[in-house]
Amino acid sequence: MTLLDPAPAAPAPAPVTFVRALYPLVSAEARAEAAASVTGAAVEPADLEQAVWLRLLERLAGQGPPVDPARWVRDAVRAEARRARRTTRHERPYRDETAADPAGCPERLALGADERRALRAAVDRLPGRCARLMAAMLAPGDPTYREIAGKLGMSQGSLGPIRSRCLGCLRRMLAAEVAAPELRGKER
């Protein structure tokens with residue numbers, strides 16, 4: 001080697017050394033950028049860190065270390081935070097896409113209609129004024145006690161006790177029609 005030969009280039013720092021040196025800065029910048037997210041699009045600091053480390057390792061493999069590592073880290077964290085927020089704004093939860101409403105499935109609709117028919121039939125079989133009172137209470141317009149009392153010509157104060165007796169009668173009628181569930185487990 002002579003004085004005219006170019007000086008050998010300094011060896012590039014190993015990725016492990018570079019990562020150790022920048023770890024506190026990347027971590028602090030990611031936490032600060034995640035906390036600054038006021039748009040409602042939450043960005044996790046760990047996700048930001050991971051994305052920045054990936055970008056840094058890709059850069060070290062291709063272009064070498066950045067000239068100003070601190071500035072590069074700040075810019076990379078901000079760029080990744082913007083990308084994450086943009087992605088979050090466009091994402092929709094899975095349950096909103098095509099998940100079927102279990103209450104709206106055909107089987108449940110058919111069962112509900114069948115139960116309503118059975119209830120109406122049982123109400124029609126109630127004795128005396130119970131049938132008229134329960135039919136009025138089950139009206140689709142959801143009438144008030146005052147409206148029901150006016151329609152049936154009863155005092156508003158007597159609707160509660162009569163309703164209670166009619167519901168008891170309806171309960172007994174339906175219990176006789178519906179089979180009791182079998183016992184499960186050990187019988188004693």
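Starting from 1, each residue takes its place in the sequence as its number.
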**Prompt:** What pairs with Arg55 under salt bridge (Lys or Arg N to Asp or Glu O under 4.0 Å), at least two apart in sequence or on another chain?
**Reply:** Glu80
**Straight-line distance of Leu167 CG to Leu174 CG, nearest 0.5 Å** = 10.5 Å
**Message:** Is the shortest side-chain heavy-atom distance between Arg132 and Met137 below 4.5 Å?
**Reply:** no
**Request:** Return the minimal non-hydrogen interatomic distance between Cys169 and Pro127, and the atom names on each side.
**Result:** SG-CD, 3.9 Å
**Residue pair Ser155 / Ala149: nearest heavy atoms and the distance that separates them** = C-CB, 4.2 Å
**Prompt:** To the nearest 0.5 Å, how far apart are CD1 in Ile148 and CE in Met154?
**Reply:** 10.0 Å
**Request:** Determine which pairs satisfy salt bridge (Lys or Arg N to Asp or Glu O under 4.0 Å) with at least one residue from residues 135-162, sequence neighbours left out, and list them in order.
**Result:** none
**Request:** Go through Glu115 and Arg108 one step at a time and tell me if the salt bridge (Lys or Arg N to Asp or Glu O under 4.0 Å) criterion holds.
**Result:** CA-CA 10 Å; Glu115 288 172 354; Arg108 288 191 190 245; over 6 Å; no
**Asked** Atom CZ in Arg116, atom CG in Leu138: separation rounded to 0.5 Å?
**Response** 11.5 Å
**Request:** List in chain and number order the residues that pass salt bridge (Lys or Arg N to Asp or Glu O under 4.0 Å) with Arg172, two or more places apart in sequence or in another chain; answer none if no residue qualifies.
**Result:** none
**Message:** Surrounding CZ of Arg59 (heavy atoms of other residues, nucleotides or ligands, distance under 6.0 Å), is the total greater than 12?
**Reply:** yes
**Request:** Starting at CD of Gln63, measure out to CD of Glu58 and round the result to the nearest 0.5 Å.
**Result:** 10.5 Å
**Request:** Would you check, one step at a time, whether the test disulfide bond (SG atoms under 2.5 Å apart) holds for Cys166 with Cys130?
**Result:** CA-CA 5 Å; Cys166 293; Cys130 284; 2.1 Å; yes
**Asked** Of the non-hydrogen atoms in Arg85 and Glu33, which two are nearest, and what is the gap between them?
**Response** NH2-O, 3.1 Å
**Asked** What's the shortest heavy-atom distance between Ala135 and Arg120, and which atoms?
**Response** O-NH1, 4.3 Å
**Fill in**
So CG of Leu126 and CE of Met173: to nearest 0.5 Å the spacing works out to 5.0 Å
**Prompt:** Considering residues at least two apart in sequence or located in another chain, which fulfil the salt bridge (Lys or Arg N to Asp or Glu O under 4.0 Å) criterion with Glu49?
**Reply:** none
**Item:** Shortest non-hydrogen contact from Leu170 toward Ala122
**Value:** CD1-CB, 3.7 Å
**Asked** Any idea which heavy atoms bring Gly160 and Tyr145 closest together, and the distance?
**Response** N-CE2, 4.2 Å
**Request:** Dump the intermediate steps for side-chain contact (heavy atoms from CB on, under 4.5 Å) on Trp72 and Leu56, then the final yes or no.
**Result:** CA-CA 9 Å; Trp72 185 90; Leu56 180 62; 3.6 Å; yes
**Message:** List the residues meeting salt bridge (Lys or Arg N to Asp or Glu O under 4.0 Å) with Asp47, not counting sequence neighbours, and say none if there are none.
**Reply:** none
**Asked** Going through the checks in order, is the side-chain contact (heavy atoms from CB on, under 4.5 Å) test met by Leu152 and Arg129?
**Response** CA-CA 9 Å; Leu152 298 178; Arg129 58 185 171 180; over 6 Å; no
**Request:** To the nearest 0.5 angstrom, please state how far the CG atom of Leu109 sits from the CG atom of Asp114.
**Result:** 12.5 Å
**Same cluster (ILVMFWY, side-chain, under 4.5 Å), Leu111 and Leu119** = no
For residues 21-28, which side-chain N or O atoms pair as donor and acceptor with protein atoms under 3.5 Å away, sequence neighbours left out?
| residue | atom | partner | partner atom | Å |
| --- | --- | --- | --- | --- |
| Ser27 | OG | Arg31 | NH1 | 2.7 |

**Prompt:** Same hydrophobic cluster for Val77 and Leu54, using side-chain heavy-atom links shorter than 4.5 Å among ILVMFWY?
**Reply:** no
